Amino acid sequence: MLALTACGGSGGKNGAAPPAGSSVSGSAAGGTGSPAAPTQDPTPVAPGAAGPLERVVPEPAEIAPGGGSFVLDGTTSIGADQGAQAVADDLAGYLKAQAGIAATVSATGKIQLTLHAPGADRKLGTEGYQLDVAPGAVHVTADSAAGLFYGVQTLRQLVMGSPAAIPAGRITDYPRFGYRGAMLDVARHFFSVSDVEQYIDALSLYKVNALHLHMTDDQGWRFVVPSWPKLASYGGQTEVGGGTGGYYTAQDYQTIVAYAASRFITVIPEIDMPGHVGAAVAAYPALACDGRTHKLVTSVSPAFDSLCTSKSSTYTFVDNAVAAIASQTPGPYLHVGGDEASALTQQQYNGFVARSQQSVAAQNKTPIAWAEIASGPIAPGTIAEYWNTGGKEPYIAAAASRGTKFILAPGTHAYLDQQPVPGFPLGLHWAGYTPVSKAYDWDPATLLRGVPESSVVGVEATLFTETVHSLADAETLAFPRLPAIAEIGWSPRASHDWTGFAARLAKQSPLWAKLGISYYKSPEIDWQ
Ligand code: TNX
């Protein structure tokens, strides 16, 4: 699943590095499906030159076009190895929803999903796959169920025309970065379990593998801490604008985690602290130093409250809140916020974030925090998330040189809540306007001064929801820019090309229409 390796170097046909962490074990093992691969290996072509196969987002690492196409009809069947059945069922669902084809799933089929032994194909690594399409058969192979799932996402994007068909050829594909995240702020506006599940479905089309849930902020606390019950019951009862808000019960949260896992997405919960704690302080006034009663926050502007760093009870709260969510989180990461703690001195901040990282480590999780954390001593292994705009902060470069790894979510490119154009009905513009071309126009290897590609674990498209009232609003800000960020995270640097990306993106819109995903019809794209 989530393989957090910082990739570097180059190799592979498009100049991509094969993912780290994979091992060589000689020849491919396992697999029972009928081989659909051409006997001779087809030759990959330059990015953008793959004809009808040139419609996948993110752009695959290698494409070798073939002749003809595989036509989907009433005889189409799906075969799956043991361990591949769930992905085969997903594929059957996609074909039904997208093309009205009712394919059966059994051990062998015209579309065969084959799971090799882990490490069987060194190039594919833990998330890669190979997709072979011939007129008579389709074959997806991978070393992991995640790889098969990504192969199936590619396959479903290739289904086109009437009768529905898939163009022939071979795609060999694996990600540039191990971390390809999306963040959803469920604190500013609350989103139901079913809304989050639908957002997860939309993310999975683009091979996103991490969902960072911003679970707490001034305007709402959205999960249950049994020893501090008022956090959710009192602190969760409203949102920006004064709506009814809400919170996830432990069961709700587990439902989201399991749904995400079924799409090979790891949930990373965030408790934002020591600032952005308006809801917590409203529920428990003793968490602030002044101890006065604080009203629930329903305005957009940040409340500059802080947890009281000098009280030991504050750390009991931190430990309890971290433990409560960690115990429900199978994934290896827990985000502890750390942004905009303007009410504290640097010394108070450093002390607090050191303690919050210890609290996460005590739960055997790896801390992630917003990039401010790099302004002070940062625990080895803690990952910093860059959200800022400058790219030249000396403390960021210094942290990288000491070994800190970064997730890149630059405000100027990857903030889905930034308006694409002035006057857009949703979003903010503190980082400027972000048309699709700008969301796509950056390279994680060179964005930050002093932070080489080897210090970057991946990218994240964040969606803060001060102005986002519904799932449709969220999708309208995320599409089409989320696929742009997803491509930055997945595709080889050498395939980066705006014209080609824009053309492939244009071909996604019929699928979004079919799936009911709202999107912004940006005039930069010549939509199909
Ligand atoms: C900055 S990004 C924030 C959030 C806001 C967001 C709005 C970050 C770490 N802090 O609190 O919601 O801007 O775009």
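Any value given below was found using the heavy atoms of this structure, including those in side chains, with hydrogens, waters and symmetry copies removed. Quantities reported herein were computed from a predicted structural model and do not represent experimental measurements. First listed ligand is number 1; within each ligand, the first listed atom is number 1.
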Interfacing atoms of ligand 1 (cut-off 4.0 Å, heavy-atom, [X]):
X: Glu340; result: 3 (C), 10 (N), 11 (O)
X: His276; result: 11 (O)
X: Gln418; result: 14 (O)
X: Leu428; result: 7 (C), 14 (O)

| query | Are Glu385 and ligand 1 in contact, using a heavy-atom cut-off of under 4.0 Å? | reply | no

| Hey, is His214 one of the residues with a heavy atom under 4.0 angstrom from ligand 1? | no

| task | Tell me which one of Glu466, His429, Met183 gets a heavy atom nearest to atom 5 (C) of ligand 1. | result | Glu466

| request: From atom 2 (S) of ligand 1, work out which of Tyr415, Trp370, Tyr386 has a heavy atom at the shortest distance. | output: Tyr415

| Under-4.0 Å heavy-atom contact with ligand 1, by part of Thr462 that carries it | neither

Between [Y] and [X], is there a side-chain heavy-atom distance shorter than 4.5 Å?
X: Phe464; Y: Leu428; value: no
X: Thr309; Y: Tyr315; value: yes
X: Leu482; Y: Leu416; value: yes
X: Phe177; Y: Glu453; value: yes

Tell me which protein heavy atom sits closest to [atom], plus the residue, atom name and distance to 0.1 Å.
atom: atom 1 (C) of ligand 1; answer: Trp387 CZ3, 3.7 Å
atom: atom 9 (C) of ligand 1; answer: Asp339 OD2, 3.1 Å
atom: atom 13 (O) of ligand 1; answer: Trp430 NE1, 3.4 Å

| message | With side chain to side chain contact (heavy atoms under 4.5 Å, CB included) as the test, pick out the partner of Ile325 among Lys365, Met215, Gln363. | response | Met215

| field | Aromatic ring proximity, centroids under 6.0 angstrom, Phe501 and His496 | value | no

| field | Single hit among Lys507, Gln508, Arg504 for side chain to side chain donor-acceptor pair (under 3.5 Å) with Gln157 | value | Gln508

| task | Please determine, by modelled atom types, if Thr382 and Gln357 share a side-chain donor-acceptor pair under 3.5 angstrom. | result | yes

| query | Any N/O of Asp417 closer than 3.5 Å to an N/O of ligand 1? | reply | yes

| query | Is Arg188 in polar range of ligand 1, meaning some N or O pair under 3.5 Å apart? | reply | yes

| request: Please name the pair of heavy atoms, one in Ser233 and one in Tyr247, separated by the smallest distance, quoted to 0.1 Å. | output: CA-CE2, 4.1 Å

